[in-house]
Amino acid sequence: MEKTMNQKISYGLFFCDFIVMCFAFKSYCIEYYCNDAYSILCVADQGARFHLTNGRFILSLFLFLFNVVHINVVRMSVFFNLLYFFTVSLCINIVQKKLRNLFFTKEKAVCLFEEIFLNISLFIGYCNIFSAEWVYYNMCTIQFIISIFFATLSAVLFFHKKGFFLSLATLFVSYNSYQPGMGIFVWLLLLFVYLNSDGKVTKNCFFQIFGAVLICFINFILNLIILKLFIVFNVITSSERFSGFHIKVVCSYLKDLLCFQRILWFKGDGLTSFPLLFVFLVALFFLYFYSFFKNRETYYNVIYPVVLMLGGLLISFLPIMVMTFFWAAPRQLVPIFFLFTFILVSLLYRETFYSLKLKSLAIGICVFFISFIIYFIQIYAGDVLLTNKIDKQRSMAIKDAISDYEKSSGNIIQYIGFCHDKFPTWKYDLHLPYMWDSQNNMFMPEWSNLTGLNFYTYSTYVKIDVPQDIKNSFLEKDWFCLDTQRQIIFNEDKCYICVY
């Protein structure tokens, strides 16, 4: 009877998670495009070789197979988004079942209220404002699906009889699809270890954490070895984005990483308009330490989980520490939200937290936080559609100017070159202070300006370099709006466009 009830609760929560994700990302239920998607739409190359250079070998294999069977991941983005929502809901359900077993091990009857608390805690880790970029980059949704599922599976399988090897194999699939998957694995495993030992430091804890670190290290080294072998055998060239682990590089990034913390917690890495993450973190830490001190815990028991959290954060930042330049885009830092999950679940597990007022307060704070997360996700999605709309309008205006020239001159434009003015604008006037490459207009990146223009205008122009004298003349200008009369220069069958 109890087992049947738990199954009904699990199915109900799974359905609720899926529905909430569909609501949060509802704006993505129509076609939309990121800058990287235009080449897939126009060239019909889904970037399998490109992802090899970034160490995403499993993803490359899938994209190669999609090319063979003519599956266009961008055209099918709505399907893959729904599959992503399903996978996230499934992962939450799997982890919640594991946590439920840990709670029963301690002989605590987990009621519906606590089931909802667990579910909300896990939902924050898996579905957050940073994961909005995972949905935005629709040509790579499959990599996030694979990475998140196998990272979750790896953490759960770690405690089985042959857990080390099963966990090693599944994390290999996750890490070689998308490197931040390792962060999810580490956070979940640290949570399981902490709860399994009843929040106490034991010899078994050290062995389990050492095993997890060894699994991460082996996968990290295997990824580098495979990458180097591909380079040696001329399968790929050396990557500009992924350099491997170098102590000098890591040391040079430490200062950047420390400075970045203010941007991360106070600006949500450019995805929030106020310090939402910092406020939520302070509120949770207040409840967390209140729970400890109310029970008069020793400082040792307070420090232990804090050390585990710092370890989880360290691994979460690892993907940005092994690149050739400091690049902390939100999509790389999704696992950081499992810090909140760790705090919330460990709070629920503690005896001193079994006060209805405290639990209700914690759930109220979480619901408030998730509401703002959904709000910012929808703002992000709205800005994606707005950027697409403006890109299309600018493309059509350029096409009209080209058509007018062709009618008046008798020449047919076949070649197009792009350059920029003195102070080009990477992003349009949007609702959030986006950073990194979030929400760039399609005309600035070299890989999307022509393919985007061809896509929106149904053309087949070929890119050429802009003569230096024309570049220099445009560099003296600084425009703030589109002016096809002065920003486009025609020369027989060539067209040179200045991006402002």
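Computed from heavy atoms alone, side chains included, the values below leave out hydrogens, waters and symmetry copies.
Judged purely by atom type and a 3.5 angstrom limit, Ser409 uses its side chain to pair as donor or acceptor with the backbone of Asn411. The backbone N or O of Ala329 lies less than 3.5 Å from a partner atom in the side chain of Gln332, making a donor-acceptor pair. Between the Ser131 side chain and the Cys127 main chain, no donor and acceptor come within less than 3.5 Å of each other. Looking only at distances, a side-chain donor or acceptor of Lys463 sits under 3.5 Å from a matching main-chain atom of Glu446.
In this structure, the separation between CG on Asn54 and OH on Tyr178 is 10.0 Å, given to the nearest 0.5 Å. Separating the CG atom in Leu83 from the CZ atom in Phe86 is a distance of 8.0 Å, to the nearest 0.5 Å.
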Taking only distance into account, with no hydrogens and no angle test, what donor-acceptor pairs under 3.5 Å do side-chain atoms of residues 311-319 form with protein atoms, sequence neighbours excluded?
{"from": "Ser316", "atom 1": "OG", "to": "Trp187", "atom 2": "NE1", "distance (Å)": "2.9"}
{"from": "Ser316", "atom 1": "OG", "to": "Gly312", "atom 2": "O", "distance (Å)": "2.8"}

Below 3.5 Å, can you tabulate the donor-acceptor pairs from side chains in residues 416-424 to any protein atom, sequence neighbours excluded?
{"from": "Asp421", "atom 1": "OD1", "to": "Phe423", "atom 2": "N", "distance (Å)": "3.3"}
{"from": "Asp421", "atom 1": "OD2", "to": "Trp479", "atom 2": "N", "distance (Å)": "3.0"}

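Residue pairs meeting the salt bridge (Lys or Arg N to Asp or Glu O under 4.0 Å) criterion with at least one member in residues 391-413: none, sequence neighbours excluded. Listed by first then second residue, pairs satisfying salt bridge (Lys or Arg N to Asp or Glu O under 4.0 Å) with a partner in residues 127-154 read Glu133-Arg331, not counting sequence neighbours. Pairs passing the side chain to side chain donor-acceptor pair (under 3.5 Å) check and including a residue from residues 481-493, sequence neighbours excluded, read Asp483-Arg486. Sequence neighbours left out, the pairs with a member in residues 374-411 that pass ring-ring contact (aromatic ring centres under 6.0 Å, His included) are Tyr136-Tyr380, Phe274-Phe376, Tyr380-Tyr434, Tyr405-Phe490.
Side chain to side chain, Ser167 and Ser154 meet the donor-acceptor criterion of an N or O pair below 3.5 Å. Defined by atom type and a distance below 3.5 Å, a donor-acceptor pair is missing between the side-chain atoms of Ser395 and Thr457. For Asp269 and Trp436, the side-chain atoms include at least one donor-acceptor pair closer than 3.5 Å.
Among residues two or more places apart in sequence or in another chain, the side chain to side chain contact (heavy atoms under 4.5 Å, CB included) test is passed with Thr141 by Phe80, Asn81, Tyr84, Asn138, Ile145. Take Asp465 and apply the salt bridge (charged side-chain N to carboxylate O under 4.0 Å, His left out) test, not counting sequence neighbours, and it matches no residue. A search for side-chain hydrogen bond (donor to acceptor under 3.5 Å, both in side chains) contacts involving Thr387 returns nothing, not counting sequence neighbours. For Tyr33, the side-chain hydrogen bond (donor to acceptor under 3.5 Å, both in side chains) criterion is met by Glu31, not counting sequence neighbours. The side-chain hydrogen bond (donor to acceptor under 3.5 Å, both in side chains) search around Gln468 returns Asn472, not counting sequence neighbours. For Lys471, there are no side-chain hydrogen bond (donor to acceptor under 3.5 Å, both in side chains) partners, not counting sequence neighbours.
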Derivation and outcome, side-chain hydrogen bond (donor to acceptor under 3.5 Å, both in side chains), residues Trp447 and Asp36: CA-CA 7 Å; Trp447 58 86; Asp36 296 349; 2.7 Å; yes
Test log, rule side-chain hydrogen bond (donor to acceptor under 3.5 Å, both in side chains), inputs Asn35 and Tyr137: CA-CA 8 Å; Asn35 291 332; Tyr137 286 95; over 6 Å; no
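Checked against the 6.0 Å centroid criterion, the rings of Phe338 and Phe185 do not qualify as a close aromatic pair.
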